[in-house]
Amino acid sequence: MRISELTERKTTRRATRNFDSEGRRIYNEFEYDLPYKIDFYGSDQKRQVAKFIDMILFFLVLYFIFHLPIIYSFIGSIPLVIIFGSITETLWGTTLGKKIFKIKVIDDYGNYPEISKSLKRNFLCLANFYPKFSEHTTRNVAFGTQTRFRTDLSMHMNNKLCHTYTIKESQLLEIKKLLEQKK
């Protein structure tokens, strides 16, 4: 069984136009099998900050220990984050930045990703930092309605292409139990 095949049963109650003899509304219940929700609230922002934490660590090492110029330290930190991030994701399922936010990376079978998949994932992370512009309208009592442009950075492409998932550490045991039950 794979994570992409996991489902959870949801029940919805929908009101009808009918009432029982005591005047209470009669409801119909519908049951659905929905895909298991892996993502968690704020995952994009936490993953972006975790990646910057990893980059800052390598930047500081290159700048203060190896005395490289700032631009070389910045450029050199990018491949180091990709390589060392891939190694630590393969071994422990996390990097230092992800560990701070208690995030793990797993593949479709609930294991830590292989080194080749993790390298691909981390390399694709560079393409994730393209901005996506959208309009955002807010209502404020004092100023009425305001429309502004908002920039969102998406961090989901690498997970989709590599069939990996970024989860909270607390979800790992639950997912492994669900995978064992469905076998």
Side-chain angles (χ1 to χ4, degrees), residues 1-53 89 92-95 97-114 117-118 120-122 124-125 127-183:
M1 173 73 47
R2 299 181 333 188
I3 293 174
S4 57
E5 298 169 352
L6 286 178
T7 59
E8 56 185 336
R9 197 104 171 126
K10 295 284 184 179
T11 304
T12 333
R13 293 181 57 192
R14 184 171 293 158
T16 65
R17 293 181 179 199
N18 303 326
F19 294 89
D20 64 6
S21 61
E22 296 174 6
R24 292 181 295 216
R25 186 173 295 272
I26 297 174
Y27 289 87
N28 288 335
E29 287 191 0
F30 299 98
E31 289 190 4
Y32 301 98
D33 282 329
L34 297 174
Y36 182 75
K37 187 173 178 349
I38 297 290
D39 230 4
F40 58 92
Y41 178 75
S43 67
D44 270 353
Q45 293 83 10
K46 290 178 183 176
R47 290 175 60 201
Q48 289 168 11
V49 173
K51 190 62 77 177
F52 285 124
I53 289 170
E89 282 179 3
W92 301 298
T94 189
T95 63
K98 288 183 183 88
K99 185 70 176 168
I100 291 170
F101 290 106
K102 297 181 179 175
I103 299 173
K104 293 246 183 210
V105 177
I106 57 174
D107 65 5
D108 209 16
Y109 297 98
N111 305 316
Y112 299 143
E114 297 174 359
K117 189 176 280 195
S118 189
K120 180 180 172 184
R121 224 185 138 269
N122 280 290
L124 285 170
C125 188
N128 284 340
F129 286 110
Y130 69 92
K132 179 175 58 173
F133 299 103
S134 62
E135 282 188 14
H136 181 67
T137 304
T138 57
R139 293 182 185 209
N140 192 335
V141 175
F143 299 110
T145 303
Q146 292 181 339
T147 302
R148 298 179 183 187
F149 286 101
R150 182 169 61 186
T151 305
D152 296 323
L153 299 174
S154 174
M155 294 286 288
H156 290 289
M157 184 176 71
N158 56 355
N159 279 337
K160 291 231 184 268
L161 293 175
C162 297
H163 302 288
T164 56
Y165 300 93
T166 309
I167 62 168
K168 293 293 246 178
E169 285 180 357
S170 58
Q171 287 179 289
L172 188 59
L173 289 174
E174 176 187 348
I175 290 171
K176 291 208 180 233
K177 284 180 187 175
L178 285 172
L179 288 172
E180 287 297 318
Q181 287 175 357
K182 300 286 181 173
K183 281 187 179 180

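Phe30 meets the side chain to side chain contact (heavy atoms under 4.5 Å, CB included) test with Arg14, Asn28, Tyr32; sequence neighbours excluded. Legend: residues meeting side chain to side chain contact (heavy atoms under 4.5 Å, CB included) with Lys176, ordered by chain and number and at least two apart, are Asn111, Leu172. Checked against side chain to side chain donor-acceptor pair (under 3.5 Å), Ser4 has the following partners two or more places apart in sequence or in another chain: Asp108. Scored by the side chain to side chain donor-acceptor pair (under 3.5 Å) test, Arg25 finds no partners at all (sequence neighbours excluded). Shown here are the side chain to side chain contact (heavy atoms under 4.5 Å, CB included) partners of Tyr36, two or more places apart in sequence or in another chain: Leu6, Glu8, Ile38, Glu174, Ile175, Leu178. Remark: Lys99 pairs with Thr94, Glu169 by the side chain to side chain contact (heavy atoms under 4.5 Å, CB included) rule, at least two apart or across chains.
With contacts defined as side-chain heavy-atom distances shorter than 4.5 Å, the pair Tyr165/Ile3 qualifies.
Annotation for Phe40: atom CZ counts as buried by contact number, over 12 foreign heavy atoms lying within 6.0 Å. At most 12 non-hydrogen atoms from other residues, nucleotides or ligands lie less than 6.0 angstrom from OH of Tyr41.
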Would Arg2 and Glu5 satisfy side-chain contact (heavy atoms from CB on, under 4.5 Å), going step by step from the backbone distance to the final call? CA-CA 5 Å; Arg2 299 181 333 188; Glu5 298 169 352; 3.9 Å; yes
| From CA spacing to verdict: side-chain contact (heavy atoms from CB on, under 4.5 Å), Ile100, Ile53 | CA-CA 9 Å; Ile100 291 170; Ile53 289 170; 4.1 Å; yes
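Atom CD of Gln171 sits about 10.5 Å away from atom OG1 of Thr166, to the nearest 0.5 Å. Going from atom OG of Ser43 over to atom CD1 of Ile103 covers 7.5 Å, rounded to the nearest 0.5 Å. Going from atom SG of Cys162 over to atom CZ of Arg121 covers 7.0 Å, rounded to the nearest 0.5 Å. Here the OG atom belonging to Ser170 is positioned 8.5 Å from the NZ atom belonging to Lys102, to the nearest 0.5 angstrom. Thr16 contributes atom OG1, which lies 5.5 Å from atom CD1 of Ile26 (distance to the nearest 0.5 angstrom).
Remark: the backbone N or O of Asp39 is paired with a side-chain donor or acceptor of Lys37 at under 3.5 angstrom. Panel note: side chain Thr7, backbone Asp33; no donor-acceptor pair is recorded below 3.5 Å.
Checking Lys117 against Asn122 by side-chain atom types alone, no donor-acceptor pair falls below 3.5 Å.
Look at Lys10 and Glu31 and you find no salt bridge, because none of the NZ, NE, NH1 or NH2 atoms lies under 4.0 Å from a carboxylate O. A salt bridge between Glu89 and Lys98 is present, with a side-chain N of the basic residue lying under 4.0 Å from a carboxylate O of the acidic one.
The cationic atom of Lys46 (NZ for Lys, CZ for Arg) does not lie both less than 6.0 Å from the six-membered ring centre of Phe101 and within 45° of the ring axis.
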